[in-house]
Amino acid sequence: MTIAAAAAAALGGAILLLSDGRRALALGVGLLGAGLSGLAVDAGHIVGAVALLAGAIVAAVLRLRSGPAGWAVMPAGSTPRLILTIVTSLIALWIAVSVTSGDGTGLRFAVTALLVMLTVRLMLGAEAAAANTAASGIALTLGAGALLANGGAPDAACIVAAAVAAGMPALPRRETHGA
Amino acid sequence: MTQLLAVALSHGAALLLYPGLVTLVPIGIALEAIWSSVSPGSQVLPKFRLRRPQIVHVAVALLAMLAMVQAGTPFNPVPPAERSVIIAVAALGFTAWAELALDPELVATPGLLFVVQACWVLAVLGPAIEPQSLRPQVLGNVLVPSLIPVKVASGFLYLLCLPPLLRLWPLAPPADRRAHPRFNTTRALVWLPYCALFVTLFFPPQTDDLEGLARFAGLVIATAMITMLAGGLLSRRGAERARGLYSRVVPPYSVLVLALVIGTLIINH
Amino acid sequence: MEPELTVALPAAGWACAAALRPRPRLALAAGAVFGVGGIVALLLSGPGITSYDLGLPLSVSPVGRALLVVAALALAFIVILAPARAERSTMLAWGLAALAGMAAMAVAPELDIAVMVLLGLVLLQAAALGRRPYASRIRGPLLAIALLGLGLVFARMTGPAALQRLAAVGLVAGLVAAIGALPFVHEFDAEEMTATSPVPWLTFIGPVLAIVVVARGRELMPSAVDVMGALLIAVGLLNMVYGATAAWRVDGGAAAWRYLFMADWGLALCGLGLGVADGLRAALLILFSMLLVRLPLYLWSRQALRENVQNDRPVNLLVAAALAGSAPFAGFPARILLLKGATAMYWPLALVIGPLLLLWIPAGLRLGRTLGTPTGRQLLGVGIALAAGVALGVYPQPLLTLAGL
Amino acid sequence: MPPIALALPVALPVAAGALAVVANRLGSGACRAIAAAGVWAGAAAIVGLWAPLRSTLELSLGTLGFGVALGLRLDAVAVVFGLALLIPIAILLTVQPRTWQESAVIALAAGSALLATEASDVVLTAVAGCTAATLVVIALGIEDLDAPRPLWAILIAAWLALAWAGVQLQVTSGTAGYAVVPVSALTAPVFVLIAFAAAVGSGLYPWRGWATRVWSRSSLRSAAISIALLQPLGLYLLFRAYEMGNGRYPQTILNVAVALWGVLVAFGAASRAQSAPTRRDYMAEVLPCLAGFAIVFAAVGSTLGLVAALVILVSESLLVTSMPLADRPGPSSLLVTAAGTGMPAGLAFGGLLLGLAAAFEAGGALGLIGLAGVATWLLAAAAAARSIRLPSGAQPGDDARPRLAALLAALALAAGPALGIVFTVGYSAANEVLPSSGPAPGLMSLATASTVIPAVALLGPLLLVGAIALVIARPTPGAARSEVAPPLFHFPAAALAQRTWSAVRSASVPAQYRSLFNAHALEAAVAAARPVLWLTAVLALCIAVTR
């Protein structure tokens, strides 16, 4: 279950990195949220898991309303992004399995991989919809990252993360060069 | 208050009478007359006329008086403890520049004159560094073997500097183009202070009696004669030789004296 | 009083001011009422008192409280004496939104939550009308959030000591990227509205964020506190040198102001990195003066910058002195405290910092001129800002006491 | 008298400055009157506070917040320096016309400078001194922005150095209070910082510094103010260093080094003075020359030296007041020249006499420096003599007050017999920082280690005789009044130094390498927010912490 959830989250992140279309972005954020939610359940944080899943679903649904139409998975010139996806996943796996120790290997892998992938997505220049979705993904990942903490308020962090992630695609996009 | 007045009166007497103005003027005129008669070129004797003094003469006379009362002349009303060689140096040093300020015709090559004056300051104050005293008699009385070389070298440097300081060298001021040379009153005013200071600094102090007075006077006259002799020699050798001597020989010698002073300091500490 | 009110009331004020934008006076009044309410709530909520009303332990540290109070004062000051062409209700709305976010970051029990609040602020600003493309507006702040997230993740992983050091890199780099200091400078457009430009990150939100990140970071990585301090000092020195030099040499007055803010951040980061009380005092003085003196002066200089008016009247010379960090303005005691902290920690560092402090003077002289010829309300504002600078420089004890120092 | 009254000397000028700003609508004259009244009141307050008890008064007003206690301390040193600062400012504010901005800023600067001398703590002195320096630079800028003025950075560097010395004292001993700092805390590095602040803060260098250049401004109003306010503060720091070191500097070599610096400053000024093209250029070198001597005397390390430095300080105060007022051809400028060069039997003459005597009586290296000092004094005298025939160089303006200038200069020239009184005051001040076991000085004669200078008995009659003689004297006939004497000498090194300096100033990166140092390209790369640069920076930081 852990492996599947971590793989789903990483796959969601990869789709966000490799796609430009609204459907693919929605699918990516949904998968990402579902995977992180599964990892939260695995870590014993049911409230956090529900919050993450809900936030991801809302973000995905809202994403379907705007952004470039279609899927646009791996459009022309996305080879570097594909290479980055593979390299990032491998390094994250190495860190989660070999470098670090303790429980929650899957969560460590997913959080590390997702943060790097989504940041790279933003750095490589993203259209507003993709950038917003990546930001939603980052929010959900940060929420999941709080589950690594011993103590504190991880569920609260997940709830806030879900709220931010869900609200993000709803924000108006303004590209005009006024003011 | 009465005591203050008495002290002020005695110092005033020293400034105006002995060893001050009334003493230094006739002796200075006499020495200047001798120099005028022996020096090549200007055989000029003073013409005594009762008239208001020139401001340059007043300024030089005041400074010469101040310097003179610092000297170790026998019967000096100023107590030995109240004399300072720095006052004498400053007063005599100012005389040259008072002339430059008030009558530039009297000062030839002020730059070179300053160099000589700096060497003279070294000759006067160099020996005062090690004893850490500014009392003229104390400096004259220094007979510590380790300080004798500095004292002798400084004394010779003092004598070397006297001809230019008294303008006995053949360097004429650029403005001095008179057909008839005049009696040099300002020089007459500083003959005695320069020579008396030399005697005070480089010979043991004289006692306050006639013998001491005679010995002091003899030493002063001897110093004046040596200075005149040096001046005469310089005049004979010509201006260029004199300029060369005081720009190329005396400064390096002063550096040597300075090295001697520093060496003495190092050895004695 | 509960700390959550210090978040809720400014947030409500922002909502009202944004909703009532078509009726500016009403928006201004509503925003002002809620804003003042927020400040009152903040002042009444004693530092260290924890509230569990939301099921979370919410409390504000004395330093965070002091910074929030000063930020609120700065906002009131800017709105009351707003530049000629600025719309006060809009300024107030943006300011209240930022203030709510800053308060939320300050009271958040976990750094994760503070980072997510920061993310919310980033996207709120990005959603506004701006001259720069959307992607370039969010790129820098989102990199900051990702770096902070990575730092948090590494800090919580169990493994070799290097992980803690990498966590320190993540937190410091994230902080620097969030405020837009070197080497993570945000793209800048001199003509852009201040609220949507990188300036609020540098001058308004940055101070609270820095205090939160550094304080929480030290709790998270006790074994990497030295590394974190060293990184803060290194980045601080970089900002001091480059920022102050660029503020003097760069073309364009607005860009020069931005670099001067970076140079000030250099001082603040050095102070925070020293890890001694005097360093923290120095950093706070710099941040207070950034909020109360430099930000208002920058806003009032924008009009003159647009019209390219420069002047050398006495008031410009006084502003130059204030910007140059000369006594009696706040910069001088801050520099003294920085030197003291550096001497106490490692005196050669003071030898490096000391000469760098002189780089502010040419920049200050240049930027003093950019204020043009202030008159009327603007002149009054400049006077008040300078007086605040003198008060901070001569007697900073009250504010430092408010900050628990 | 309540202890808070100790704040009056500082508060009154500051309040007057603030009032002058508020009352600017009343016009420049009224504001100037307010500022002048404030400064006069400050000076009066110092006398009023000090005269009744003549013992140290202290006041602590709590901490300011940056590790400094707002403590005021009025002792004899603070009184002498305070009056030396305030009285020239008060006179100049009273008699010279200026704008309300200038008057206000100068009054504030006077208050700050006074706080620097009344502060009980090194760091507070640094803050106050930096404030005074900043306000002085602003005052100069208000008068004429393009005219020569001190480099702001240099002044702030000086006061930052003092602040650093203060915080070092706080770190090592927990306090930077002059009276309470442990002797062991005043280490050589701390003293070097203090000496740096003293030299740079007062603009006293062997080369032509701002203290000289400000006199080439078209108007001397603010120039004189800047010298009167900033130059004494340097000497003040050298005095307080004795107090912190319990009457000594950390090492004797430091006394020699400071004295050497002072004599170089004096010699540099004198040698520039002897080649000055105008009388105003000559005048510009008078105060640096005297200030250099004051540094020498302060560094000697004896009570006599400190008193001599204070006598020179008083002479400087009289001169800095009279010089801008005598800025036109005439007898007043001749009197100022005579007073400035230390003519017998003036106050400067007495100060130089005492100081040089102190140097010789200290012996060793200081004796040699005293020797150089005497030569420098005579060079200054030669420069003064030459300056009499120089063209004035004064700019037309209504700032000059020749009668008052002549009166002040005559006072400085005739004050020799009163040297005993000045000596007694200076002795009590010097005793604060360098306790002396010797007998208290008399008013009539001054005792040094080896001689006694009968100030009244010798200089009194000399002055009397001189005055009478000068009255009856007649000008020298035939003296070429228009002829300007050439410089005594030219420094061969001066031209080389000038060439080197201009070469350094004009140094630039060769064209073929400029692309490496292209600031605009770098700025573009940084401001364009390139992700590659960011990611590289992160990578660099990671490598830095993990290697």
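Sequence lines set the chain letters: A, B, ... in the order given, protein chains first and strands last, and positions in each chain run from 1.
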**Asked** Between Leu337(C) and Phe332(C), is any pair of side-chain heavy atoms under 4.5 Å apart?
**Response** no
**Prompt:** Is any side-chain heavy atom of Val171(D) closer than 4.5 Å to a side-chain heavy atom of Trp347(C)?
**Reply:** no
**Request:** Calculate, to the nearest 0.5 Å, the distance between atoms CD1 and OH belonging to Ile233(C) and Tyr346(C) respectively.
**Result:** 11.5 Å
**Request:** Rounded to the nearest 0.5 Å, what's the gap from CG on Asp144(D) to OG on Ser218(D)? Could you check?
**Result:** 5.0 Å
Do you know which of [options] has the most heavy-atom pairs under 4.5 Å to chain D?
options	answer
Ser326(C), Ala342(C), Ala162(C)	Ser326(C)
Val227(C), Leu318(C), Val394(C)	Val394(C)
Ala321(C), Ala168(C), Pro198(C), Ala320(C)	Ala321(C)

**Message:** Is it the case that atom CH2 in Trp100(D) sees more than 12 heavy atoms from other parts of the structure closer than 6.0 Å?
**Reply:** yes
Portion of [X] that has a non-hydrogen atom of chain D nearer than 4.5 angstrom:
X	answer
Arg165(C)	both
Leu400(C)	side chain
Leu150(C)	neither
Leu405(C)	neither

Under 3.5 Å, is there a donor-acceptor pair linking the side chains of [X] and [Y]?
X	Y	answer
Gln170(D)	Thr175(D)	no
Thr125(D)	Tyr178(D)	yes
Gln168(D)	Thr343(C)	no
Glu192(C)	Ser197(C)	no

**Item:** Part of Leu541(D) within contact of chain C (heavy atom distance under 4.5 Å)
**Value:** both
**Prompt:** Is any residue of residues 353-364 of chain C within less than 4.5 Å of chain D by heavy atoms, and which ones?
**Reply:** Leu357(C), Leu358(C), Ile361(C)
**Prompt:** Can you list the residues that meet the side-chain contact (heavy atoms from CB on, under 4.5 Å) rule with Leu402(C), with sequence neighbours excluded?
**Reply:** Arg65(C), Ala66(C), Val69(C), Leu399(C)
